[in-house]
Amino acid sequence: MINTVDELFANNKGVLAMDESNGTCNKRFAAVGIAQTVDMRRNYRELIITTPGLQESIGGAILCDETIRQQTNDGVPMIDILIKNGIIPGIKVDTGAKPMAAFPGEKITEGLDGLRERLGEYKKMGARFAKWRGVIKIGENIPTSGCIEANVHALARYAALCQETGIVPIIEPEVLMEGDHSLQKCFDVTTRTLKMLFYQLYQYKIVLEGMILKPNMIIPGTQSAERKSIDEVADATVDCLLQSVPAAMPAIAFLSGGQSPEDASAHLNGIHTNFKNRLPWIVAFSFARAIQQPALDIWKGQEAHVKEAQNLLYQRAKMDAAARRGEYNKNMEKI
Ligand code: 13P
């Protein structure tokens, strides 16, 4: 498991999240006028994994159940293409965030039942890491301790089953950007969540050296009037993580959470330029939207646009790898 973590992030690479559930993928397709069918999802995932040179910046790709079982239009299993290209396949194993009984406005992520068997099956298929996402929403009187506790408990139980199977768990407690909250509120809720998470990971005997944390950055809510600079976001994010995440944990890979691709790259870059040698962990990316969105917008489901979409995907991943080195700047976007 320790080797898997090292390989995923070697040479400033990161992880590509392409594990949208069918429902989420269909929603993204509908927004840009693409038919919401199994064949279109196949075409899209095939476009992504056959992007020339993607492995220069991407060490691992998280798939959903449909994709890990799917073949390309030429009949080659998607997972085989990733492995052949040197991209480690991962698998999303939660079954989604559902409304939490007795906790209005909050959600609990499900999927623990039968997880041991499913992990065993995915391992046989070739998956070497997994992902589970808990969702914490900021609003009036939320999040409650009950909701945070239930979600970090599930994350710990999931992580234990992964490690039993020899699969690296990506542990994703996402504090959502939606809302009118301040950066300080995001800082407070994320700190509280991470402290509760690492206590549960301790209680449930998770080997910190064999896991990856996938947190949100510390950013004001999308409906907040507050505007923060790249440096302010970078500094608050590292401050929060230094206070909450043990140094024995090897790697942090951020989600993008709805930031623009440029902002996500700039914030990751700010973290590296401002804290160069003072980060006790690998600090990388595991973006979905911030890598995929420009490509999806151009592709629009049309064969004629595949090349252009792949170029954008390649470029976006390259920007994020540059951000890991602290070498990203906005001028690179014009290339
Ligand atoms: P975003 O980068 O679009 O937030 O997605 C990351 C992810 O994997 C959510 O579970």
### Message
Does Gln203 form a side chain to side chain donor-acceptor pair (under 3.5 Å) with Tyr199? I'd like the steps, not just the answer.
### Response
CA-CA 6 Å; Gln203 280 213 305; Tyr199 180 62; 3.3 Å; yes
### Message
Could you go through Glu262 and Ser265, starting from their C-alpha distance and side-chain angles, then the distance that decides it, and tell me whether this counts as side chain to side chain donor-acceptor pair (under 3.5 Å)?
### Response
CA-CA 5 Å; Glu262 295 78 11; Ser265 300; over 6 Å; no
### Message
What verdict does the side chain to side chain donor-acceptor pair (under 3.5 Å) test give for Asn311 and Gln315, after you've listed the backbone C-alpha separation in whole Å, the side-chain angles of each residue and the deciding distance to 0.1 Å?
### Response
CA-CA 6 Å; Asn311 285 342; Gln315 279 304 328; over 6 Å; no
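For the pair Glu308 and Trp299, the minimum side-chain heavy-atom distance is 4.5 Å or more. Counting heavy atoms from C-beta outward, Cys25 and Arg45 have side chains that approach closer than 4.5 Å. Between Pro261 and Pro294 there is a side-chain heavy-atom pair separated by less than 4.5 Å. The side-chain heavy atoms of Ile171 and Trp132, taken from C-beta on, include no pair separated by under 4.5 Å. Side chains of Phe198 and Ile206 form no contact here, defined as non-hydrogen atoms less than 4.5 Å apart. Side chains of Met78 and Ile81 form no contact here, defined as non-hydrogen atoms less than 4.5 Å apart. Residues Ser244 and Cys240 form a side-chain contact, since some pair of their non-hydrogen atoms from C-beta on lies under 4.5 Å apart.
Side-chain polar atoms of Thr190 and Thr193 form no donor-acceptor pair below 3.5 angstrom. Judged by distance alone, the side chains of Thr191 and Gln243 never bring a donor and an acceptor atom under 3.5 Å apart. A donor-acceptor contact closer than 3.5 angstrom is absent between the side chains of Glu46 and Gln70. No donor-acceptor contact under 3.5 angstrom links the side chains of Lys123 and Thr165, judged on distance only.
Within 6.0 Å of the CD atom in Gln223, the count of heavy atoms belonging to other residues, nucleotides or ligands exceeds 12. Within a 6.0 Å radius of CG in Asp113, other residues, nucleotides and ligands contribute 12 heavy atoms or fewer.
In the hydrophobic cluster analysis, where Ile, Leu, Val, Met, Phe, Trp and Tyr join through side-chain heavy atoms closer than 4.5 angstrom, Ile68 is grouped apart from Ile170.
For Arg42 and Asp39, the salt-bridge test passes: some basic side-chain N is under 4.0 Å from an acidic carboxylate O. Glu7 has a carboxylate O that lies under 4.0 Å from a charged side-chain N of Arg128, or vice versa, which qualifies the two as a salt bridge. Salt bridge present: Arg41 and Glu66 bring a charged side-chain N and a carboxylate O closer than 4.0 Å. A salt bridge links Glu333 to Arg316: one of the charged nitrogens lies within less than 4.0 Å of a carboxylate oxygen. One finds a salt bridge joining Arg116 and Glu164 here, because a Lys/Arg side-chain nitrogen approaches an Asp/Glu carboxylate oxygen to under 4.0 Å. Salt bridge status for Lys131 with Glu172: present, with a side-chain N to carboxylate O gap under 4.0 Å. Taking a cutoff of 4.0 Å between a charged side-chain nitrogen and a carboxylate oxygen, Asp65 and Arg69 qualify as a salt bridge.
When each of Lys92, Gln292, Lys27 is paired with Glu20, the side-chain hydrogen bond (donor to acceptor under 3.5 Å, both in side chains) condition holds for Gln292 and for no other. Partner of Asn274 under the side chain to side chain contact (heavy atoms under 4.5 Å, CB included) criterion, out of Val238, Asp231, Leu279: Asp231 alone. Paired with Val189 under the rule side chain to side chain contact (heavy atoms under 4.5 Å, CB included), one option of Ile138, Ile142, Ile218 passes, and it is Ile138.
Ring to ring, His267 and Phe254 are not that close: their centroids are 6.0 angstrom or more apart.
Between Tyr204 and His153, the two ring planes are perpendicular [angle over 60°; tilted spans 30° to 60°].
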